[in-house]
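All residue numbers in this chain count up from 1 along the given sequence.
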Amino acid sequence: MSQVAVVNSLVPMKDRDEGNDWNRILLDRQFLNYPIVLSTHVMLFRTMFGHAKEDVFGFHQLSHSVIILDEIQSYKNELWGEIITFLKGFAELMQMKIIIMSATLPNLDILTDNHCQTIRLIENREKYFNHPKFARRVVADYSLLEQKMTMEYLTDEIVKKAGKNKKVLIEFIRKRSAEECYRILCEKNKSFPSSNSSRLKISFSSKYASPFSI
């Protein structure tokens, strides 16, 4: 891991030699002088397209590099065509290899009107998607859909499923529903022994509220 550097606004600058030479540490960070860099899409695109002086310090590092882009579906679909076209141009001019990863990756040739011929690294993806260790690693239980759901019934099921030393995540659309479920579970939780192993470990999340737990 000594050759890997995380470059973003949260992680401190990496001292590869632990010599506390702050001038060299700063230059390494600005010019991306690391064998392997883990960073964000924002940093990559600023290095490629930014016009500020600090943005282009590490531009030369792109030459003959291998770039792995993950979760590209986070960008709007209408931008993918332009993104792929520009990446293709960079790859040809700077001898780069760009690997794009996504669980929902569309046909990139269609998005660019077949101007950018992409190569699929996995020819038979169904071989992996349908493998039991992947396809059956999570088994969904839809039995509660057959019941008339009330908050009391739901909290009873949560208590049953939680068990000992298990963590449960419950997500609601409305903050009011999350708070009601939280209140009922707190009342039920009072009757449990006070030991940590017996208490419920439940996290709540709502579309309109920050997560909270009991």
Side-chain angles (χ1 to χ4, degrees), residues 1 4 6 8 10-11 38-42 44 67-81 83-84 98-111 118-214:
M1 294 298 291
V4 180
V6 179
N8 57 39
L10 300 177
V11 178
L38 300 179
S39 191
T40 63
H41 294 184
V42 174
L44 174 63
I67 296 178
I68 301 176
L69 279 174
D70 194 13
E71 304 296 345
I72 195 175
Q73 78 277 359
S74 60
Y75 291 95
K76 294 182 180 179
N77 292 350
E78 55 264 28
L79 297 178
W80 283 19
I83 291 174
I84 302 306
I98 301 176
I99 300 174
I100 298 176
M101 300 171 57
S102 173
T104 56
L105 194 63
N107 190 324
L108 301 180
D109 293 335
I110 296 177
L111 290 177
T118 57
I119 299 175
R120 293 189 175 273
L121 299 182
I122 300 178
E123 295 181 357
N124 183 16
R125 65 176 187 173
E126 300 302 326
K127 172 184 177 182
Y128 302 95
F129 284 158
N130 294 329
H131 192 281
K133 291 188 177 298
F134 182 85
R136 300 177 186 173
R137 71 189 190 282
V138 176
V139 179
D141 183 359
Y142 299 102
S143 59
L144 291 180
L145 295 179
E146 302 173 358
Q147 305 292 331
K148 182 178 180 180
M149 189 56 57
T150 63
M151 195 61 72
E152 284 290 340
Y153 187 88
L154 176 62
T155 51
D156 287 341
E157 288 296 318
I158 292 171
V159 172
K160 293 178 184 178
K161 300 291 185 182
K164 184 179 179 180
N165 293 327
K166 287 186 178 181
K167 295 182 179 180
V168 178
L169 172 64
I170 309 168
E171 184 168 352
F172 293 88
I173 296 177
R174 292 182 173 83
K175 178 181 177 181
R176 183 182 300 175
S177 300
E179 291 177 341
E180 181 183 0
C181 186
Y182 174 78
R183 177 183 57 78
I184 295 174
L185 281 173
C186 284
E187 294 175 354
K188 295 179 182 292
N189 207 18
K190 291 178 182 178
S191 62
F192 295 162
S194 59
S195 62
N196 292 333
S197 61
S198 299
R199 294 184 63 83
L200 290 178
K201 298 178 181 179
I202 302 174
S203 298
F204 294 82
S205 177
S206 172
K207 182 178 180 181
Y208 303 106
S210 300
F212 54 95
S213 62
I214 63 174

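In this structure, the side chains of Tyr153 and Leu144 come closer than 4.5 Å at one or more pairs of heavy atoms. Looking at Leu44 and Leu69, their side chains come closer than 4.5 Å, going by heavy atoms from C-beta outward. Using a 4.5 Å heavy-atom threshold, the side chains of Glu187 and Arg183 count as touching.
Within the model, atoms CD of Glu146 and CE of Met149 stand 10.5 Å from one another, a figure rounded to the nearest 0.5 Å. Between the CZ atom of Arg174 and the CD atom of Glu179 there is a distance of 13.5 Å, given to the nearest 0.5 Å. Between the CG atom of Leu185 and the OG1 atom of Thr155 there is a distance of 5.5 Å, given to the nearest 0.5 Å. To the nearest 0.5 angstrom, Thr150 atom OG1 is 8.0 Å from Ile184 atom CD1. Atom CG of residue Asp70 and atom CG of residue Leu38 lie 11.5 Å apart, to the nearest 0.5 angstrom. Separation of atoms CD1 (Ile68) and CD1 (Ile98) is listed at 11.5 Å; rounding is to 0.5 Å.
Here the closest non-hydrogen pair linking Met151 and Cys181 is SD-CB, 3.6 Å. Considering all non-hydrogen atoms of both residues, Val11 and Asn8 come closest at N-OD1, 2.9 Å.
Note on Lys160 versus Glu157: salt bridge recorded, some NZ/NE/NH1/NH2 to OD/OE distance being below 4.0 Å.
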